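All values below were derived from every heavy atom in this structure, side-chain atoms included, with hydrogens, water molecules and symmetry-related copies excluded. Bear in mind that the values here come from a model prediction, so they are computed numbers and not experimental data. Residue indices begin at 1 and follow the sequence shown.
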Amino acid sequence: MSEKKTFYITTPIYYPSDKLHIGHSYTTVACDALARYKRMQGYDVMFLTGTDEHGQKIQDKAADKGVTPKAYVDEIVAGVKDLWKLLNISYDRFIRTTDEYHMESCQKIFTKLYEQGDIYKGVYKGHYCKPCESFWTTSQLKDGKCPDCGRDVYEAEEEAYFFRTSKYADRLLKLYEENPQFIQPESRKNEMISFINQGLQDTCVSRTTVPWGIPVPFDQKHTMYVWVDALSNYISALGFGNHAYNDYDKFWPADLHMVGKEILRFHTILWPAMLMALDLPLPKRVFGHGWLLLDGGKMSKSKGNVVDPVVLADRYSVDAIRYFLLREIPFGNDGIFSNEALINRINSDLANDLGNLLSRTVAMVEKYFGGTVPAVREAGEFDQDLIDTVSAMPDRVTKAMDELLIPQATQEIFKAIQRANKYIDETAPWALAKNEENKPRLAMVLYNLCEALRYATVMLAPFLPETADKMAVQLGLTEADRRFGELKFGGKTEYTVHKGDALFPRIDMAKELAELEARQAAAQAAAKAAEPAPAPQPAAPAEPIEHQPEIAFDDFCKVEMRVAQVLTCETLPESKKLLKMTLFDGERERTILSGIAKWYKPEDLIGRKVGIVANLAPRPMMKGKYVSEGMVMAADTADGGASVVFFPDDVPAGSGIH
């Protein structure tokens, strides 16, 4: 007996700086559908997901909450696992980069690369993007900002170890040429080729200023730069370099790494270069999918425009959310989420097409034949076209899934469902039922509809697992009836059905949108009511005004002043003068230390809109323990104090100040 073919699929490991949003769910649900489909085909599947838990951002967020980084990520990772359980994600293994076995593997990999000369010690001097955990050269910046996320970067200089990425530039280009499927979609490959041709730089792979990470085993003042740590998870999770698992030889190389387009560069340049240096096989495919957009912009915690999948699943059902993500979003390109699009897709496909087909069929079998389709049946017009459409559906879906065209795969299933609905109109079972002589013909019509629904039940299982199970119960299907490899129209000879609840009740669009709008307005009003009263304004200064030297208009234009909202504020044990604030400036969160603790308490500022100087170079403070990214605008008072400039609630964060 031959062994099963294997299939190894991975999601990116998610950064647990906060709760995950619907964009993260999109990636994971897509991988889950692919993994389930391969299992249905008989493959031995390894589906890996997990969390990337080291780095400066985690370290800073934990410090803000007054907890250790490990305690901080433990709480969020528990929420990640709860979300995947809710969304019916069938992962086989969940890796955390804080797992001991993973850290053991990373230290062995780092040491091997160092000993063979692929890692060397140097000094890093350049630009660093804290949100992306990425270093950039000046030529790589876009308008002076991070080319990936568009946020500000700051100058960094520190001793570091480097991986000789540049050494592998030619081999990478050859890889892309000889393996056109390695990077998908095709447009992403062209981006990577262009990036390499600009001049591939060696990669900084350690830090001395971020202790929250895996220590470099032979130089304890260094911790591994997060990307080397993170990328190695794909083989450490299989047992490479550790004894926790023994699956490396069975599953590596990966059949598919699924990642967001913003991290494709690390997976198609740095990761294969590392594997080349280690003399290990390369993954077969890396797919960089697009973003799930909201109102035309990428979902982002820092922008405050994320959508909570838990809320959606509770309101509309898990399978409705899974279906929307898999059917609505063009795989490989950006897609747009809106409540209108979600409700439309639920009503048109799930309620009207699928739900109605099942409920009408089951109801007619019960009404006309007491729940069991008779064995005496008579073929007739329209039968063969339905049979041909339904029978061809599995091959069409498989082809689409092999090509990672998930929306097209679901579309093929619903073409067959729509054909079955048309078949009801063509054959008019209610008319046949009026004449006893037509009962054999009526029995064949209802049998064909049950068979079409059996096919739909089998083929929908990877995409809508809960719905498929409910359909199987109503159709009276056994496990044998649902075997993908034995699907044949007419393969189930008898049907006894059992009426159940509607799969997807139709939603009143206008009523639902009005309720959602009312809920949002109530939430905003509650948040506004919870805001503290404005601080009393001091009197105007009595002393003569001291003027600074006159400057040119062009010099003044270099100062960027913007409105920002204070998200958190806290005192510092090391200073009686400083308050540490996290603010949202319309694009991202930033930290500012301001010497106003004598006049303001944290609760006076949280939630308020203030003015900031936004383009000051980041300034290390308190012996480098903190970095202040700007300055809060305040007026001097007559008594030598300070009065912070506040703006009305209806002024958006990010508004320019002139």
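- A distance-only check finds no donor-acceptor pair linking the side chain of E412 to the backbone of V397 [under 3.5 Å].
- The shortest distance between side-chain heavy atoms of L487 and R454 falls below 4.5 Å.
- Residue E589 forms a side chain to side chain contact (heavy atoms under 4.5 Å, CB included) with just one option from K57, R151, K61, and that option is K61.
- Heavy-atom contacts from other residues, nucleotides or ligands closer than 6.0 Å to CZ of R315 number more than 12.
- Here the rule is side chain to side chain contact (heavy atoms under 4.5 Å, CB included) with K511, and of D508, L513, I507 only D508 fits it.
- Under the 3.5 Å distance criterion, with hydrogens and angles disregarded, no donor-acceptor pair is assigned to the side chains of R322 and N88.
- Between D92 and V45 there is a side-chain heavy-atom pair separated by less than 4.5 Å.
- Side-chain polar atoms of R39 and S90 form a donor-acceptor pair below 3.5 angstrom.
- Side-chain contact annotation: D385 with Y423, donor-acceptor N/O pair under 3.5 Å absent.
- Under the 3.5 Å distance criterion, with hydrogens and angles disregarded, a donor-acceptor pair is assigned to the side chains of D319 and T467.
- Side-chain N/O atoms of T27 and H289 include a donor and acceptor closer than 3.5 Å.
- Residues D353 and S348 form no side-chain contact, since every pair of their non-hydrogen atoms from C-beta on lies 4.5 Å or further apart.
- Using a 4.5 Å cut-off on side-chain heavy atoms (C-beta onward), V73 and K70 make contact.
- If you check the side chains of D388 and Q384, you find a donor sitting under 3.5 Å from an acceptor.
- When side chains are defined from C-beta on, K284 does not count as touching F182, because their heavy atoms never get closer than 4.5 Å.
- Because its NZ or CZ atom is both nearer than 6.0 Å to the ring centre of Y495 and within 45° of the ring axis, K492 counts as a cation-pi partner of that residue.
- Under 3.5 Å, the side chains of Y316 and E512 contain a donor-acceptor pair of N or O atoms.
- For the pair E53 and V77, the minimum side-chain heavy-atom distance is below 4.5 Å.
- Relative to the ring axis of F324, R345 does not place its NZ or CZ within 45° and under 6.0 Å from the centre.
- For the 3.5 Å distance criterion, the side chains of H102 and S236 qualify, holding a donor opposite an acceptor.
- Looking only at side-chain heavy atoms (C-beta outward), Y323 and I346 stay at 4.5 Å or farther from each other.
- Screening Y8, Y234, F287 for a ring-ring contact (aromatic ring centres under 6.0 Å, His included) involving H257 leaves a single residue, Y234.
- Checking N190 against S187 by side-chain atom types alone, no donor-acceptor pair falls below 3.5 Å.
- Counting heavy atoms from C-beta on, the side chains of M471 and L460 come closer than 4.5 Å.
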